[in-house]
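Everything on this sheet refers to the single structure shown next.
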Amino acid sequence: LRTFPGAFDKVFFASFVIGICAVLSFILVREVTGIVRDPKKLRLIHAYPRQFKTFLASIGLLTIGNLPIAVLLLRTQESGRDISFIPLFYLFYNVSFTLFSSFAGKTADHIGERRVISYGYALLAISYLLIIYDRTLSTLAIGFVLLGIALSFIDAAQRSYIGKLTGPEMRGGAYGLFNAAIGLGLMVAGTVGGLIWQHLGSTIALLGAVVIVVGGLILFYFHELADE
């Protein structure tokens, strides 16, 4: 964008080509299939274990505090940076997410998914605070790097932990409910967070997200106590 000012069409086209290549790479992936026989074809939420329902509630709340990356990138312009810096900060986020995803999975295997989830959301709150305090370019860059690390921890550990909260006969439905909770939380985060950002300012939106994440971590702590 610095070389070709305003050339968003070229940026989007390049992203589209890369995305198509990524989708085509799934041709090389072999699917592992299995059948779990169970006469009960449909389960309502109350049929799932209490620990799973508590976890679902805490993750739903935590996800509301997870502001969309597209909204967060607007902060770079508000801080007086040129629009060409937006892809750079998005690169910081993506690279850190990619590099730490494998590490996050291995860490979850060693110390447990619950601790990794807690660390991930704690890092998320810290990254928001750094993005708020955007007086220098390096502080803002570190904020987006930490954001990528945080979400790599969260994504890897949450999906692994879901599989341990239910038996094989409930696992498909559990992942469905989990994805529904994540989707609902992200929709609320994007809609409400965007409105607050637009009408009350980015600082209020980010501080509100920090408060929600802290509240979600407290609920997640009670989930841990219930599990023990």
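Worth saying up front: this structure is predicted, and the values here are computed from it rather than measured.
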* Structure fact -> Sequence neighbours excluded, the answer for salt bridge (charged side-chain N to carboxylate O under 4.0 Å, His left out) partners of Lys164 is Glu113
* Selection residues 138-155 - residue pairs positive for salt bridge (charged side-chain N to carboxylate O under 4.0 Å, His left out), sequence neighbours left out ->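 Qualifying pairs, neighbours excluded: Asp155-Arg159.
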Show the nearest heavy-atom pair for residues [X] and [Y], with the distance to one decimal.
X	Y	answer
Phe52	Leu177	CE2-CD1, 3.9 Å
Ala157	Val116	CB-CG1, 3.7 Å
Ala156	Gly105	CB-N, 4.2 Å
Tyr175	Gly163	OH-N, 3.6 Å
Asn66	Ala189	O-CB, 3.6 Å
Ala150	Leu123	CB-CB, 3.7 Å

* Asked: Would a hydrophobic clustering, with Ile, Leu, Val, Met, Phe, Trp and Tyr connected at side-chain separations under 4.5 Å, put Ile111 with Tyr121?
  -> yes
* **Sub-6.0 Å ring centroid separation between Phe89 and Phe144** => yes
* Asked: Are the ring centres of Tyr161 and Phe55 closer than 6.0 Å?
  ->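 Yes, the ring centres sit under 6.0 Å apart.
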Donor-acceptor contacts, no H, no angles, side chain residues 198-205, under 3.5 Å, sequence neighbours left out:
residue : atom : partner : partner atom : Å
Ser202  : OG   : Arg75   : NH1          : 2.4
Ser202  : OG   : Glu78   : OE1          : 2.6
Thr203  : OG1  : Arg75   : NH1          : 3.4

* Would you indicate whether the side-chain heavy atoms of Ile149 and Phe103 approach each other to under 4.5 Å? =>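 Side chain of Phe103 against side chain of Ile149, heavy atoms only: no contact under 4.5 Å found.
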* Asked: Do Val192 and Ile64 come close enough that some side-chain heavy atom pair is under 4.5 Å?
  ->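 Sidechains of Ile64 and Val192: no contact.
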